[in-house]
Each structure stands twice: as C-alpha cells, then as structure tokens.
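For reference, the structure discussed in these notes is given below.
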Amino acid sequence: MKDLSVLVTGGAGFLGSHLCDRLVEQGAEVLCLDNFFTGSKRNILHLMDHKNFEAIRHDLVEPIFVEVDQIYNLACPASPVHYQYNPVKTVKTSVMGTINMLGLAKRVKARILQASTSEVYGDPQEHPQKETYWGHVNPIGLRSCYDEGKRVAETLMMDYYRQNRVDIKIARIFNTYGPRMAISDGRVMSNFIVQALRNDPITVYGDGSQTRSFCFAPDMVDGLIKMMNCEDFIGPVNLGNPREFSIRSLAELVIEITRSKSEIVYTPLPEDDPVQRCPDISLAREKLNWEPKVGLAEGLEKTIDYFNGVLMM
Ligand code: NAD
Ligand code: UDP
C-alpha cells in the first residue's frame, strides 16, 4: 500500500471516511473527493493534518483530472431518504460520476473499484442472493433512481473493461452500519439507535417482518481493500454479513442493549421495500478469503457508544 496514490470518492461519507482512515494507516497517499451532500467534514477532520491525506470539495458529476493508482468510487447518497430527495441527481451521480471516474481510470491507467449494492437485486426472489442472480428491480419506482443508477454503473464498469481494458472491480455492498453514520441519515440502524437513546418511539416500517443482514463498517472496509488488491478477479462480489435479522428483532435488540424506555410504533411500509435480503458470500470467501468477523451485538455496542457521544455533544 505504501507509495500508492488512492482516490476515494464519497470519502467524507460514512463508509468512505472509514476507508480513508484504513488506507492512510496502511501508508497510502489518499485523496478524498466529496460534495458534502451526505458526508461531513467532521468525518475526516482528524485526517486533515496528516501528510498523506488531502480532501477536495468536488461534485463527481463534473470531470476531474488527478494522477492516481487506484480509485474507490463510493460517491452516492445511500439512504433512501437522501437518494430520493433529488432522484435525478442520484442517477446523475451514479451514471455521469461513474463515467467520469472510468474515463479518469482509463486515462491514468488506474484500477477502479465501484461500490455497488445489494439493491441491484431489488426485491429479490432468490434467497440468499448470489452474484449470478439478475435481480428483481422496479425500473419506475421511488427506489429506482438508486437501484437502476447502480445497475447502470455496473454496466459501465463492464463495458469499459470489455471495450477499453480498464482494470475494474465491482463490489456489491449489503447493509453496513457503524460509527459516523449521520444522526439524520434515515437508515434503520441510525434511526433505531438515536430513537432508543432519546427514549423516542422506534419507527418500524410495515410489520417489521422484512429482513436485512448487517455488516459492521470495519469488516466492510477489509473486504473492499481485499477486493481492490486481489488479482485475476473482477467480480461482481457480494460483501456483507450473512446473518439475517427481521427489522422487528433489530428494534427489540436495540431497545435491550440501550435499556431504552422506547415503545415500538408501526408505520406504513415504503414503496418497493425489499421483503428479504441476505448475501451468499461463498465467492468472497473463496476469492478474497474474506468474511465478516464482528457480530451484530458487538457492532451495535460500538455504534451505540458512538451515537451516545454525539448526542451528548
Ligand atoms: P453516505 O451517504 O454516508 O456517503 C456517500 C458520500 O458520497 C457522502 O459523503 C456524499 O456527500 C458523497 N456524494 C454524494 N453524491 C456526490 C457527488 N455527486 N459528488 C461527490 N460526492 C458525492 O453513504 P455510505 O453508506 O457511506 O455509502 C457509501 C457508498 O457505498 C455509496 O456508493 C453506497 O451506495 C454504497 N453502499 C453502502 C451501503 C451501506 O449500507 N452503507 C450499502 C450498499 C452500498
Ligand atoms: N426501516 C424501519 N424504520 C426506520 C428506517 C428503516 O423499519 O426508521 C426499515 C426499512 O423499511 C427497511 C429496513 O428497515 O425494511 C432497512 O432500511 P434502510 O433504509 O436502512 O435500508 P434499505 O431498505 O435500503 O436496505
């Protein structure tokens, strides 16, 4: 990693900032590009004085030229609340942003990893999901700007690979959580923890029987770095924790760990909310020798500690 120059788009976001930390720690020279839509300077403040770290405010929809060896393309709002705020911009970020990064990778001969998502499987009819599954995505729904944007980003990656021999990697990230999620992020983990710590009602959408599988951020960062640095395998590869939980059981667990007085309230299920989601990670185990190490209870404790600190500020 030493002497490698690495670009992280979306580097001031939740996952991106953990990735920047790890890359700097490993001796890489890291350039973070972010438009600070959902990311924040606070996430990278501790890196600002580091000699190997630099941040630039830049919107990925606009081209940029920098000399780098590797590009992690993470820029894109990931929470439904934020990606649906300006859906056209979300599509632009995934499509034009990925074209800009692929053009850059082609020009400077960098390796590029695309942060794809389990959302490419939509509301899956195959369970658990394998990389060979083509998905079940509504192309005209409220989630489409994100899901279809990410699917086109995968298409672009493959076409630049086939047409221009760009050195690509595709990682399909499943629900990931941890410290530095924004309080206003809107995804289930931060919502439940913040609600529990404030003794506010816990908002379970639908009846809470829908499932998700939650990966702790440091495990995900390990997976992303292993994928970027492996040879002879471009993916796509699923990265996620294969333990599956219902949203209702997550609410109960958060209440138990925080010893909260919160009650669970049930509100309508958003449109096209996937019923179940769980990664088959056989390929990541085989090709990357990777699997998550941190279980939900342990990851939750650490994330709750973080939010406790933020709420006390
Ligand atoms: P996040 O919203 O915290 O981070 C996204 C970052 O991208 C933010 O810093 C935001 O300001 C930046 N950004 C958004 N649009 C931009 C643009 N046009 N130009 C420049 N920067 C822009 O979300 P996250 O959870 O850290 O997700 C990071 C990446 O991982 C995203 O691409 C997301 O789709 C993918 N992913 C995350 C999860 C998860 O559960 N965390 C799951 C699947 C995929
Ligand atoms: N969810 C919920 N309450 C919330 C936020 C989310 O019940 O306050 C549910 C949501 O309907 C979905 C699951 O939790 O079934 C995960 O939602 P999130 O937005 O975190 O991610 P995604 O749906 O994109 O996996």
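Read the numbers this way: they start at 1 and go in the same order the structure lists the ligands and their atoms. Positions are given from 1, in the same order as the sequence printed here.
- E298 has a carboxylate O that lies under 4.0 Å from a charged side-chain N of K302, or vice versa, which qualifies the two as a salt bridge.
- Note on ligand 1: A12 sits in its first shell, one or more heavy atoms being nearer than 4.0 Å.
- Residue contact check for ligand 1: M220 places no non-hydrogen atom closer than 4.0 Å to it.
- Using a 4.0 Å heavy-atom cutoff, A217 is absent from the residues neighbouring ligand 1.
- Of all the heavy atoms of V188, the ones lying under 4.0 Å from any atom of ligand 2 are found in both the backbone and the side chain.
- Atoms of ligand 2 lying under 4.0 Å from any heavy atom of P80, numbered from 1 in the order shown and given with element: 19 (O), 24 (O).
- To the nearest 0.5 Å, the span separating CG on N191 from CG on D200 amounts to 11.0 Å.
- The distance from atom OG of S282 to atom CD of E291, rounded to the nearest 0.5 Å, is 10.5 Å.
- For Y121 and N238, the side-chain atoms include at least one donor-acceptor pair closer than 3.5 Å.
- Within the structure, the closest approach of Y177 to ligand 1 does not fall below 4.0 Å when heavy atoms are considered.
- Between the side chain of T93 and the backbone N or O of C76 there is no donor-acceptor pair closer than 3.5 Å.
- Of the heavy atoms in M189, none comes closer than 4.0 Å to ligand 2.
- Side-chain contact check for S213 versus P279: some heavy-atom pair is nearer than 4.5 Å.
- Contacts of T93 with ligand 1, taken as heavy-atom pairs under 4.0 Å, involve the side chain alone.
- Listed by number with element, the atoms of ligand 2 under 4.0 Å from a non-hydrogen atom of Q210 are 9 (C), 11 (O), 15 (O).
- Residue-ligand proximity: K150 is placed with a non-hydrogen atom under 4.0 Å from ligand 1.
- Contacts with ligand 2 closer than 4.0 Å are made by side-chain heavy atoms of D273 only, the backbone lying farther away.
- Residue-ligand proximity, V204 to ligand 2, at heavy-atom distances under 4.0 Å covers atoms 7 (O).
- Remark: ligand 1 atoms within the under-4.0 Å shell around heavy atoms of N175 are 40 (O).
- Contact atoms of ligand 2 toward N191: 4 (C), 5 (C), 8 (O) (distance under 4.0 Å to a heavy atom of the residue).
- Under 3.5 Å, the side chains of R165 and Y160 contain no donor-acceptor pair of N or O atoms.
- Between the side chain of D59 and the backbone N or O of E62 there is no donor-acceptor pair closer than 3.5 Å.
- Below 4.0 Å from some heavy atom of I247 lie the following atoms of ligand 2, by number and element: 7 (O), 13 (C), 14 (O).
- Although no hydrogens or angles enter the test, the distance criterion places no donor-acceptor pair under 3.5 Å between the side chain of Q114 and the main chain of M157.
- Closest heavy-atom approach to atom 41 (N) of ligand 1 within the set K92, R187, E62, M181: this belongs to R187.
- Each of the atoms 22 (P), 25 (O) of ligand 2 lies under 4.0 Å from some heavy atom of R277.
- Scanning all protein heavy atoms for the shortest distance to atom 29 (C) of ligand 1 gives L74 O, 3.3 Å.
- No side-chain donor from either of S262 and N199 sits under 3.5 Å from a side-chain acceptor of the other.
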